[in-house]
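FYI, side chains are in, hydrogens and waters are out, and symmetry mates aren't considered; it's all heavy atoms of this structure. In this text the structure is predicted, and so the values were computed from the model without any measurement.
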Amino acid sequence: MNTQPVDFSASHAATALKNLRVSNPLVHCLTNDVVQSFTANVLLAIGASPAMVVDPTEAAQFAAIADALLVNVGTLTQPHADAMLAAVQAANQAGKPWVLDPVAVGGLTLRTEFSLTLIQLTPAAIRGNASEIRALSGMSSTGRGVDSGDDSLSALPAARKLALQTGAIVAVTGEMDYVTDGERCLAVRGGDVLMTRVVGTGCALSAVVAAFVALPGDRQENVAAACRVMSCAGELACQQARGPGSFIPAFLDNLYLLDGEALQ
């Protein structure tokens, strides 16, 4: 097993983004209430199509229609959990990939127990910060809500363990993103601290991961491409923005305009 992370190739990100814009995947987002609009705009900007169908019966029906499903437990309630579980089961029956974002897992009982149930249902990918990935794998963590108290590199062993346990591609994101299948690990550079000063960039990244796992080809490379697309657009936006208020429109513009040259 190659234990050393390998830098992810920008050319792979460019190819994956081009494929996504051609295929225009429909992403069913069961995400938290705080970020729905921003998540939808991010998906539209990269060339995907978002949908938020939250009733348990409809969520299950729509999960079979969509190209991919996102389950984000950020504002989890029991009705949300019912819809998410129904949608995951329907997606699995239809052979559609789904992604878990285990927001703030570890510190709160409902979301932790629910996420531990979900990871037994064959997610295609899991995307979280270092504290969330450590907690989900059973390791100690120092997270505070959505804020990670751990470094992404420190969570890499937990990410590998979680990937081997679930069969999912696991992306642990932070100053450096690491994407692993349990054996191979890709390191994705980029981003800016300003991205942590607005609500929803991490949650939107998980939706972008869902869009990219709908693509054919190497799933690990596709998840890494999602991370690079977001970090690159964030870097470019931070060069133009004066602060959080001007960052969001600059970020959406750069996602929309992103091309292979910029990703290089």
Side-chain angles (χ1 to χ4, degrees), residues 1-9 13 32 71-74 99-109 111-116 118-120 123-206 208-209 212-213 219-232 234-235 238:
M1 180 174 70
N2 182 8
T3 59
Q4 295 301 313
V6 176
D7 281 347
F8 178 60
S9 167
N32 75 70
V71 173
N72 174 312
V73 300
V99 173
L100 174 64
D101 186 338
V103 178
V105 158
L108 297 168
T109 302
R111 70 190 57 228
T112 301
E113 292 180 351
F114 182 60
S115 295
L116 289 172
L118 287 179
I119 63 173
Q120 301 175 43
I126 301 168
R127 200 293 311 171
N129 66 35
S131 294
E132 292 160 352
I133 296 302
R134 287 174 64 98
L136 196 58
S137 73
M139 295 177 65
S140 63
S141 66
T142 58
R144 186 183 63 177
V146 298
D147 297 324
S148 178
D150 301 290
D151 173 77
S152 56
L153 184 59
S154 76
L156 186 51
R160 292 185 190 276
K161 175 184 175 182
L162 195 57
L164 291 173
Q165 175 188 346
T166 63
I169 301 300
V170 177
V172 52
T173 55
E175 289 187 15
M176 176 81 77
D177 298 340
Y178 297 101
V179 180
T180 183
D181 62 0
E183 297 183 355
R184 187 171 59 132
C185 179
L186 300 173
V188 184
R189 302 178 184 275
D192 190 280
V193 69
L194 184 56
M195 297 178 72
T196 67
R197 296 295 183 262
V198 299
V199 172
T201 51
C203 295
L205 169 56
S206 295
V208 172
V209 168
F212 275 82
V213 298
R219 180 162 287 166
Q220 185 179 5
E221 298 272 354
N222 287 339
V223 172
C227 293
R228 180 55 189 147
V229 164
M230 290 288 278
S231 68
C232 182
E235 284 178 346
C238 289

Quick one: does [X]'s side chain have a donor or acceptor within less than 3.5 Å of a partner on [Y]'s backbone?
X	Y	result
Ser137	Arg134	yes
Ser152	Ala130	no
Thr201	Met195	yes
Arg228	Ala13	no
Gln220	Ile169	no

Roughly how far, to the nearest 0.5 Å, is [atom2] of [Y] from [atom1] of [X]?
X	Y	atom1	atom2	answer
Thr180	Lys161	OG1	NZ	14.0 Å
Ser131	Met139	OG	CE	10.5 Å
Leu116	Arg111	CG	CZ	13.0 Å
Asn32	Cys203	CG	SG	4.5 Å
Leu100	Thr166	CG	OG1	9.5 Å
Leu118	Leu136	CG	CG	9.5 Å

Exercise. Residues two or more places apart in sequence or in another chain: which of them pass side chain to side chain contact (heavy atoms under 4.5 Å, CB included) with Ala204?
Worked result: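 Scan of Ala204 (side chain to side chain contact (heavy atoms under 4.5 Å, CB included), adjacent residues dropped) gives Phe38, Thr39, Val42, Met230.
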Using a 4.5 Å cut-off on heavy atoms from C-beta on, say whether the side chain of [Y] contacts that of [X].
X	Y	value
Glu113	Thr109	yes
Val223	Val209	yes
Phe8	Val179	no

For [X] and [Y], which heavy atoms make the closest approach, and how far apart are they?
X	Y	result
Val229	Phe212	CG2-CZ, 4.0 Å
Ile133	Ala155	CG2-O, 4.2 Å
Leu205	Ala226	CD1-O, 3.8 Å

Problem set entry | For Ser206, all residues meeting side-chain hydrogen bond (donor to acceptor under 3.5 Å, both in side chains), sequence neighbours excluded |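 Ser206: side-chain hydrogen bond (donor to acceptor under 3.5 Å, both in side chains) contacts with Asp101, Arg127.
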For this session: Could I get the full list of salt bridge (charged side-chain N to carboxylate O under 4.0 Å, His left out) partners for Arg189, not counting sequence neighbours?
Result: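 Testing Arg189 for salt bridge (charged side-chain N to carboxylate O under 4.0 Å, His left out), a comparison that skips the adjacent residues, returns Asp7.
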